[in-house]
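One-based numbering, in listed order, for ligands and for the atoms of each. Treat the numbers as computed from the prediction; the structure is a model and nothing was measured.
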Amino acid sequence: MSIVITGATGHLGRLVVEALLADGVPAHGIAAVVRDKEKAADLAERGVELRVADYDHPETLAGAFEAGDRVLLVSGNEVGRRVAQHTAVIAAAKAAGVAQLAYTGILGGPDADFDLADEHRATERLILDSGLPYTLLRNGWYTENYTDHLAPVLEHGAVVANAGDGRVASAARADYAAAAAAVLTQDGHLGTAYELSGDTAWSFTEYAAEVARQSGRPIAYTDVPAETHLSILTGAGVPAPFAAILVDVDRAIERGRLAGTSGDLARLIGRPTTPLADTVAEALRRL
Ligand SMILES: NC(=O)c1ccc[n+]([C@@H]2O[C@H](COP(=O)([O-])OP(=O)(O)OC[C@H]3O[C@@H](n4cnc5c(N)ncnc54)[C@H](OP(=O)(O)O)[C@@H]3O)[C@@H](O)[C@H]2O)c1
C-alpha cells in the first residue's frame, strides 16, 4: 500500500509530496502519478515511485492505483474536461480497491454556485456515488493566484477586479498541501468534507494596501464593472472563456463565496495558515 499523489508534477502535487516526506513518510511509500516521467526525474531520484498515467486516457490509469492505496486526486487543470477526466480516475481507483480517495474540490462544495465550481460539484457527486472511502478537501483560493501576478500590479499601480468589497480567505498552496498530507497519513478522515481556507479573509483594498506597504509604491484597488474586467483580461491575452470564468469568480467573491473561515485548514495542519503578508513578501522577493 502506498500514498499516491496524482498531479504530482504540478504546484500543489509537488508540495504534497514534500509535505509527506517532511512528515516522515519514506519515499518508497509514496507513488507519484505523472504524465511525463522526465518532469518527475527529481522525485524518482529521491526514491519516490513513478506511475505514468493520463486522466484523458483511461487505459493508462489501470496501473496507477493498487488495492489499499491512499490516493489524492488533484483536480485537473483543463476546465471543461474535468468531469470526464475525474470519472476515469475514480473508476480506476474503484477497480483497484483503494482504501481512501481524497479529492481537491472547491470551498463550499455543493453550495458553491459559480461556474468554476460546476465540475467540482459533479466530481464530489461521482465520488459519493462510487462508494469509495473518501475525504473531500474543499480548497479555498491560493494566495498565489494573486501574488504570482504582481508584476502588472506594480507596473500599473493597480489591483484590478470586479469583486466589489468581497473578501477572500486565501491561504498559501503549501498550507493546502500540508492539509492533504495530514488526511492521507492520519486516521479518522474518511467520510469527511473539509472546508479549507485561510484564517483571515482580506478585501482587495487591503490586498492593494499590503502590496503598496511592502513594495513602497502607490497601489490601489480599482473595482471595475465585470464587462470592463473581461476586456482588460482578454486584452492582456487571457483566452476569452477563461477570462469569463475569472470574472465570474470575482462576482462570487463579491457574494462572499470565498470568504468562509471555518478554521478547518488551521486545525488540520496544526498551525495558523500562512498570512497574506508572508506570501506577498515571498512573491516580491522572487520578482
Ligand atoms: N484553489 C485554488 O486557488 C486553485 C487555483 C488554481 C487551480 N486549482 C485547482 O487545483 C489543482 C492543483 O493546483 P496546481 O496549482 O497544482 O495546478 P497545476 O500546477 O496546474 O497542476 C495540475 C496538475 O494536474 C496534472 N494534470 C493535468 N491534466 C492531467 C491529465 N490529463 N492527466 C494527468 N495529470 C494531469 C498536471 O500534470 P503536468 O505536470 O503533466 O502538467 C499537473 O501536475 C488544479 O489542477 C486545479 O484543478 C485550484
Test log, rule salt bridge (charged side-chain N to carboxylate O under 4.0 Å, His left out), inputs R138 and D264 = CA-CA 10 Å; R138 294 177 177 156; D264 277 1; over 6 Å; no
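- Taking the six-membered ring for Trp and thresholds of 30 and 60 degrees, Y103 and H120 have ring planes inclined between 30 and 60 degrees apart.
- Atom-to-atom distance recorded for I219:CD1 and R213:CZ is 12.0 Å, nearest 0.5 angstrom.
- Near ligand 1, residues G7, T9, G10, H11, L12, R35, K39, A53, D54, Y55, D56, V74, S75, G76, N77, R82, Q85, G140, W141, Y142, N145, R173 come within 4.0 angstrom through at least one heavy atom.
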After noting the C-alpha distance and the side-chain angles of Y176 and Y142, does the key distance pass the ring pair (Phe, Tyr, Trp, His ring centres under 6.0 Å) rule?
-> CA-CA 8 Å; Y176 295 104; Y142 306 151; 5.7 Å; yes
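- Between E254 and R167 there is no salt bridge, since no side-chain nitrogen of the basic residue lies less than 4.0 Å from a carboxylate oxygen of the acidic one.
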Any chance you could lay out the side chain to side chain donor-acceptor pair (under 3.5 Å) test for T143 and T279, step after step, and finish with the verdict?
-> CA-CA 7 Å; T143 307; T279 309; 4.5 Å; no
